[in-house]
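Naming: A, B, ... by sequence-line order, numbering from 1 per chain. Heavy-atom basis, side chains included; hydrogens, waters and symmetry copies ignored. Here the structure is a predicted model, which means the values were calculated and not measured.
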Amino acid sequence: MAKKLRSIRGIHDGLPDQVRGFQHIEQVARAVFERYAFSEVRLPVLEPTELFVRSIGSATDIVSKEMYAFVDQGGDHICLRPEGTAGAVRAYLQAGLTRSGAQRWYYMGPMFRRERPQKGRLRQFQQIGLEWFGVAGPVEDVELLALATAFLKALGLDGLRLELNSLGCEQCRPAYRALLVDFLKGIAGDLCETCHERMDKNPMRVLDCKDEHCQHALRDAPEMIGHLCAACANHFERLRQGLDALGLSYEVNPRIVRGLDYYNRTAFEFVTDRLGAQGTVLAGGRYDGLIEELGGPATPAIGFAAGVERLAMLLESPEPRRPDFAVVSLGEQALVWSLEQADWLRAQGFVVVHCGGGGAKRQFKLADREHARYTLVIGEEEMQRGVFTLKDMETGEQRTVTGQELVASMQ
RNA sequence: GUGGAUGUAGCUCAAUGGUAGAGCCCCGGUUUGUGGUACCGGUGGUUGUGGGUUCGAGUCCCAUCAUCCACCCCA
């Protein structure tokens with residue numbers, strides 16, 4: 001390369017070793033989600049900018065400074081999606097499904113946020129998301145958490161902590177918020193600079209501050225949990241009963257706050273302490289107001305998103321599949337026939353690499369490097385007799401076989 | 001957006017301000033029908049980039065870009 005061409009900052013290439021891990025996660029997700037009768041949807045990566053302004057909230061960091069938004073050649077304001085829920089709701093409304101009963105959707109694909117990269121945080125990252133439209137819970141909340149748990153368990157992830165909270169609703173949150181702001185004003189002198197900013201933008205975030213002084217000052221802060229309206233309190237209580245009944249362990253964390261404006265009531269995070277500062281691996285909650293907010297009828301809904309790269313960091317990437325056979329072709333005369341034999345074996349379902357002809361030593365080296373289980377030597381002698389020389393690469397044993405014998409012995 | 005650490009061969013890393021090196025990998029040979037071991041040889045670098053200081057800069061200074069980590073925020 002004359003000049004260094006690099007991918008954009010925070011946007012990484014998925015190379016084979018890593019992608020095998022992604023594929024495994026996706027495969028497990030599909031299997032588990034389908035068992036709960038969810039269906040995959042494929043949604044646009046490009047959406048109108050306004051969609052996110054109206055759903056996530058214009059004051060959030062995501063919308064105010066992290067979106068890849070631009071005006072296209074036709075003058076339209078479009079952006080790369082920073083998350084999946086808003087687009088899913090848009091699609092649900094656009095397809096006219098509001099009177100078709102509950103919809104169970106999942107999707108996987110890239111999201112884009114222009115943040116400063118760090119461990120577990122990229123500018124283009126992949127999410128596996130799931131949305132359940134038209135269900136008010138709390139039964140469905142329980143089922144969704146059971147599904148999420150089943151997914152993570154199927155991946156072999158243990159040691160994840162489920163943290164649960166209720167964010168209240170339109171009825172009870174405003175009063176609580178006012179109460180909290182009053183409290184915060186009283187202790188403002190003890191709060192850090194960023195907390196002062198949070199007091200205006202999103203006061204509930206103050207509760208989540210990592211600063212020790214702030215946490216000390218906040219020890220008597222009012223919590224949403226203690227100020228839920230009767231309906232929200234009942235919802236939360238029945239959710240907890242359901243989780244207990246299914247034996248799903250969790251801890252109530254009154255400080256977890258979902259970052260996006262549209263969440264209400266149930267909020268949850270599956271977190272690990274193995275990923276540094278970005279320990280949230282799967283998170284979501286209820287967003288009963290969003291569909292109406294985007295122009296549809298009042299429709300309750302709940303969903304979550306999981307970070308694929310974060311999950312992958314917690315798992316071993318699977319080993320590549322070893323070729324069953326490496327074909328070593330000796331002599332110009334046998335080359336074409338050896339290629340035909342390689343294809344014939346592939347048609348039988350075997351993984352076959354052809355070593356390209358040329359020197360025997362070179363080809364055996366390739367076969368070794370590919371970690372092929374067997375090498376098939378195909379030279380002029382074999383071609384005339386219609387057989388292969390089969391070499392076991394571990395024992396070094398060699399014998400002559402016909403194609404039929406070979407296929408039979410591999411069953 | 002803020003702060004810290006780090007940028008030398010494809011990879012992992014050396015080089016008191018004085019000729020840019022090693023190991024691994026890759027290619028070839030010792031063996032023109034036999035790999036993993038061994039030996040021999042070879043390819044490969046404007047030291048991230050651009051300035052500055054100096055007789056002389058991989059080394060010191062400034063800027064910039066990128067990576068990593070943390071803040072912020074979030075999956």
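- Among the atoms of the strands shown, none is found under 4.0 Å from any heavy atom of L366(A).
- Remark: F38(A) engages W132(A) in a ring pair (Phe, Tyr, Trp, His ring centres under 6.0 Å) (not counting sequence neighbours).
- Residue-level contact check: V377(A) touches the bases, meaning some heavy atom is under 4.0 Å from a base atom.
- Look at NE2 on H371(A): it is 9 Å from C1' on G36(B), rounded to the nearest Å.
- How far CZ of F125(A) is from CD of Q278(A): 11.0 Å, rounded to the nearest 0.5 Å.
- Nucleotides A22(B) and G41(B) place their P atoms 12 Å apart, quoted to the nearest Å.
- Both G331(A) and V308(A) sit near RNA chain B, but only G331(A) has its closest nucleotide nearer the 5' end.
- The strand RNA chain B forms stems, runs of 3 or more Watson-Crick or G-U wobble pairs with distances below 3.5 Å, at B:1-7 with B:65-71, B:10-13 with B:21-24, B:26-30 with B:38-42, B:48-52 with B:60-64.
- Atom CG of D72(A) is surrounded by more than 12 heavy atoms from other residues, nucleotides or ligands within 6.0 Å.
- Proximity note for L330(A) (side chain, C-beta onward) versus C72(B), A75(B), G33(B): the nearest is G33(B).
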Sort me out a list of protein N/O and nucleotides 65-69 of chain B N/O pairs below 3.5 Å, or just none if empty.
unit_1	atom_1	unit_2	atom_2	d
A66(B)	O2'	R6(A)	NH2	3.4
U67(B)	OP1	G10(A)	N	2.9
U67(B)	OP2	R9(A)	NE	2.8
C69(B)	OP2	K119(A)	N	2.6

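- Using a 4.0 Å heavy-atom cutoff across all strands shown, Q278(A) reaches at least one base atom of the nucleic acid.
- Residues meeting the ring pair (Phe, Tyr, Trp, His ring centres under 6.0 Å) test with F52(A), sequence neighbours left out: none.
- Residue-level contact check: Q398(A) touches the bases, meaning some heavy atom is under 4.0 Å from a base atom.
- Under the ring pair (Phe, Tyr, Trp, His ring centres under 6.0 Å) criterion, F304(A) pairs with no residue at all, not counting sequence neighbours.
- Atom CZ in F52(A) sits about 13 Å away from atom P in A75(B), given to the nearest Å.
- With sequence neighbours excluded, the residues forming a salt bridge (Lys or Arg N to Asp or Glu O under 4.0 Å) with E394(A) are R322(A), listed by chain and number.
- Side-chain to base pairing of D368(A) with G35(B): one donor and one acceptor N or O lie within less than 3.5 Å of each other.
- Atom NZ in K65(A) sits about 6 Å away from atom C1' in G1(B), given to the nearest Å.
- When heavy atoms are screened at a 4.0 angstrom cut-off, A367(A) is found touching no nucleic acid atom at all.
- Between K391(A) and G284(A), the one whose closest nucleotide on RNA chain B sits nearer the 5' end is K391(A).
- For F151(A), the ring pair (Phe, Tyr, Trp, His ring centres under 6.0 Å) partners at least two apart in sequence or on another chain are F33(A).
- Counting non-hydrogen atoms of other residues, nucleotides and ligands closer than 6.0 Å to CD of E170(A) gives a total of 12 or fewer.
- In terms of the salt bridge (Lys or Arg N to Asp or Glu O under 4.0 Å) criterion, residue partners of D343(A) (sequence neighbours excluded) are, by chain and number, R346(A).
- Within the structure, the ring pair (Phe, Tyr, Trp, His ring centres under 6.0 Å) test picks out the following pairs touching residues 155-179 of chain A (sequence neighbours left out): Y176(A)-H227(A).
- Under 3.5 Å, the side chain of R369(A) and the base of C25(B) form no donor-acceptor pair of N or O atoms.
- Using a 4.0 Å heavy-atom cutoff across all strands shown, E381(A) reaches at least one base atom of the nucleic acid.
- Sorted by first and then second residue, the pairs that involve residues 27-51 of chain A and meet salt bridge (charged side-chain N to carboxylate O under 4.0 Å, His left out), not counting sequence neighbours, are R30(A)-E40(A), E40(A)-R42(A), E47(A)-R90(A), E50(A)-R54(A).
- If you check distances only, the side chain of E394(A) never reaches the base of G36(B) with a donor-acceptor pair under 3.5 Å.
- Residues satisfying the salt bridge (Lys or Arg N to Asp or Glu O under 4.0 Å) criterion with R121(A), sequence neighbours excluded, are E115(A).
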Using atom names, set out every protein N or O paired with an N or O of nucleotides 38-45 of chain B below 3.5 Å, distance rounded to 0.1 Å.
none

